[in-house]
Amino acid sequence: MKTIDELLAEGVTGKRVFVRADLNVPLDGTTITDDGRIRAVVPTVKALAEAGARVVVASHLGRPKGAPDPAFSLAPAAARLGELLGAEVAFATDTVGESAKATVAGLTDGRVAVIENLRFNAGETSKDDAERAAFAAQLAELADLYVGDGFGAVHRKHASVFDLPGKLPHAAGYLIATEVGVLKKLTEDVRRPYVVALGGAKVSDKLGVIDNLLQKADRILIGGGMAYTFLKAKGHEVGISLLQEDQIDTCLGYLAEAEKRGVEFVLPIDVLVSADFPDLKTKAPANPELVSADAIPADKEGLDIGPKTRELYAAKLADAGTVFWNGPMGVFEHPDYANGTKAVAQALLDSDGFTVVGGGDSAAAVRTLGFDENAFGHISTGGGASLEYLEGKKLPGLVALED
Ligand SMILES: Nc1ncnc2c1ncn2[C@@H]1O[C@H](COP(=O)(O)OP(=O)(O)OP(=O)(O)O)[C@@H](O)[C@H]1O
Ligand SMILES: O=C(O)[C@H](O)COP(=O)(O)O
């Protein structure tokens with residue numbers, strides 16, 4: 001993989017450099033609640049700008065449906081990037097249209113622009129190779145060189161991640177280099193016990209990684225929205241909790257495989273439930289009910305792990321040699337459901353092991369709940385990306401940079 005330093009050494013002055021970042025930050029309306037992913041790409045953007053490049057930063061945000069949707073605009077992220085760089089950042093209100101072309105044409109050496117959300121174009125995420133390639137060709141017209149630095153999205157076979165680097169001379173940015181460096185160590189030299197904690201909401205995306213983790217980890221702790229498909233598989237009522245109905249048999253298979261392999265597979269024993277999803281804007285008291293994990297009422301959903309589970313998970317993390325944690329244990333954005341995530345974060349800090357926290361929301365949780373991010377071994381900007389890397393999968397966004 002060519003490094004950005006090699007690219008800089010070749011000279012980038014006056015060149016238009018497309019930086020594929022992951023600016024998929026949590027938003028409350030247009031307010032960014034955690035800017036970690038923006039800060040993470042600043043070294044790359046700064047180095048290119050200081051070397052006289054005309055930097056075109058691009059990213060997805062959320063999961064819009066292939067058409068413009070103001071709720072998913074990258075404008076707030078562009079403004080924040082400007083603040084962090086201490087420089088004016090131009091913003092194109094489309095991705096490959098007139099605004100993008102004019103904005104990029106208007107860049108002078110050392111200046112930075114952000115183009116609008118890549119996923120406003122259906123070609124970005126298309127499963128059709130030709131459709132993706134066509135969108136990548138339009139993106140390629142905006143640049144002379146490509147730098148991949150959106151680690152959080154390298155597991156996606158998307159036009160800007162996978163196809164575009166094939167059309168332009170390319171290199172890996174500083175963030176990707178750092179992320180891969182740390183995660184590589186976790187695949188080569190793991191101090192045991194190796195404990196993996198999994199939670200969050202992208203259940204269908206992430207259940208599959210357990211298959212591979214069962215061969216590597218000594219203990220797997222399940223929380224967040226991930227827990228309920230397992231509880232259902234064990235025959236429990238899960239009410240209206242997040243559920244991946246089509247994966248119940250798969251979960252049963254994982255539980256059996258864990259037993260066969262002697263991997264400790266730990267599920268919540270108590271949970272906080274409510275009939276309503278909490279109001280994350282007003283943070284009005286949610287008054288959750290505490291129930292045993294095998295007694296979730298049919299009209300309620302599980303929104304955090306309970307106090308007994310917090311204690312159990314802290315004990316299971318205490319002697320860890322290595323911890324990888326992805327996915328909040330509950331809806332941490334609301335104070336009534338933040339304690340599970342807080343307890344796991346604290347347990348990581350209390351352990352003497354090497355601790356890695358991965359994921360946009362997981363990293364945001366650690367910071368917004370007041371933990372010192374530097375006290376963890378590594379905070380990865382990628383959740384799904386780091387999990388798939390640890391699985392040993394070939395990630396499209398890294399493969400494309402290797403060619
Ligand atoms: N029991 C639950 N029910 C519903 N949502 C939950 C539950 N527990 C956690 N969540 C939500 O999960 C979200 C984070 O999940 P996600 O899988 O996206 O993690 P992540 O760290 O952002 O990883 P990635 O980088 O792959 O997106 C949070 O917004 C949180 O509110
Ligand atoms: O949040 C993430 O994990 C990355 O930004 C990728 O987003 P996606 O899961 O919507 O592809």
Side-chain angles (χ1 to χ4, degrees), residues 20-28 33-34 36-38 40-41 59-65 72 74 77 117-119 124-125 150-158 160-161 179 197-207 209 222-231 238-244 268 271-274 276-278 280 288 293 296 300-306 309 324-341 344-345 356-369 379-389 395-397:
R20 199 335 177 161
D22 181 358
L23 307 180
N24 184 20
V25 288
L27 287 173
D28 179 359
T33 53
D34 181 73
R37 279 180 163 165
I38 308 178
V41 79
S59 173
H60 69 286
L61 187 140
R63 292 177 172 177
K65 306 260 175 286
F72 295 101
L74 272 175
N117 194 338
L118 292 157
R119 291 186 186 173
E124 170 67 0
T125 57
F151 179 74
V154 289
H155 58 317
R156 301 298 183 208
K157 195 178 177 185
H158 291 170
S160 66
V161 177
E179 295 270 21
L198 283 183
K202 290 181 183 168
V203 184
S204 58
D205 269 19
K206 294 177 186 171
L207 263 175
V209 305
I222 305 285
M226 184 77 84
Y228 302 96
T229 309
F230 282 98
L231 291 172
V238 297
I240 52 169
S241 307
L242 268 189
L243 178 65
Q244 204 62 39
V271 288
L272 296 181
V273 300
S274 171
D276 305 302
F277 197 82
L280 303 183
I296 298 176
K300 303 215 161 137
E301 66 180 311
L303 294 161
D304 194 12
I305 56 173
T309 310
F324 180 80
W325 171 31
N326 169 248
M329 293 289 116
V331 182
F332 74 93
E333 295 92 338
H334 191 286
D336 288 349
Y337 300 112
N339 287 331
T341 302
V344 166
V356 178
V357 183
D361 286 305
S362 310
V366 159
R367 288 187 286 258
T368 55
L369 295 174
I379 302 224
S380 171
T381 53
S386 50
L387 279 169
E388 289 194 24
Y389 185 91
L395 304 185

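Note that this is a predicted model, so its numbers are computed, not measured. Just so you know, ligand 1 is whichever comes first in the structure, and atom 1 is the first atom listed for that ligand.
Within the set Ala153, Gly225, Gly223, the minimum heavy-atom distance to atom 2 (C) of ligand 1 is found for Gly225. Of the listed options Ala201, Ala364, Gly330, Gly359, Gly330 places a heavy atom closest to atom 9 (C) of ligand 1. For atom 3 (N) of ligand 1, the nearest non-hydrogen atom from the set Ser241, Pro278, Gly302 belongs to Gly302.
For the residue pair Ser386/Glu179, the side-chain donor-acceptor check at 3.5 Å is not satisfied.
The protein non-hydrogen atom at the shortest distance from atom 21 (O) of ligand 1 is Ser362 OG, 2.5 Å. Given atom 5 (N) of ligand 1, the protein heavy atom at minimum distance is Val331 CG2, 3.8 Å. Annotation: atom 29 (O) of ligand 1 to nearest protein heavy atom, Glu333 OE2, 2.5 Å.
Under the salt bridge (Lys or Arg N to Asp or Glu O under 4.0 Å) criterion, Asp336 pairs with no residue, sequence neighbours left out.
Assignment of His334 to the shell around ligand 1 is not supported, since no heavy atom sits closer than 4.0 Å. Within the 4.0 Å heavy-atom shell around ligand 1 one finds Tyr228.
Heavy atoms of Asp361 found under 4.0 angstrom from ligand 1 belong to the backbone as well as the side chain. Within the 4.0 Å heavy-atom criterion, the part of Lys206 lying near ligand 1 is the side chain and not the backbone. Of all the heavy atoms of Asn326, the ones lying under 4.0 Å from any atom of ligand 1 belong exclusively to the side chain.
On a distance-only criterion, Leu303 and ligand 1 share no N/O pair closer than 3.5 Å. Of the N or O atoms in Gly360, one or more lie within a sub-3.5 Å distance of an N or O in ligand 1.
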Pairs of nitrogen or oxygen atoms, one from ligand 2 and one from the protein, closer than 3.5 Å: please tabulate them with distances.
residue	atom	partner	partner atom	Å
ligand 2	1 (O)	Asn24	ND2	3.2
ligand 2	1 (O)	Arg37	NH1	3.1
ligand 2	1 (O)	Arg37	NH2	3.2
ligand 2	1 (O)	Lys202	NZ	3.3
ligand 2	3 (O)	Lys202	NZ	3.3
ligand 2	5 (O)	Asp22	OD1	3.3
ligand 2	5 (O)	Asp22	OD2	2.9
ligand 2	5 (O)	Asn24	ND2	2.9
ligand 2	5 (O)	Arg37	NH1	3.4
ligand 2	5 (O)	His60	NE2	2.9
ligand 2	7 (O)	His60	NE2	3.2
ligand 2	9 (O)	Arg63	NH2	2.8
ligand 2	9 (O)	Arg156	NH2	2.8
ligand 2	9 (O)	Lys202	NZ	2.8
ligand 2	10 (O)	Arg63	NE	2.8
ligand 2	10 (O)	Arg119	NH1	2.9
ligand 2	11 (O)	Arg119	NH2	2.8
ligand 2	11 (O)	Arg156	NE	2.6
ligand 2	11 (O)	Arg156	NH2	3.4

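With hydrogens and angles disregarded, a donor-acceptor distance shorter than 3.5 Å links the side chain of Arg37 to the backbone of Asn24.
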Run the numbers on Asp361 and Lys202 for salt bridge (Lys or Arg N to Asp or Glu O under 4.0 Å), then give the verdict.
-> CA-CA 11 Å; Asp361 286 305; Lys202 290 181 183 168; over 6 Å; no
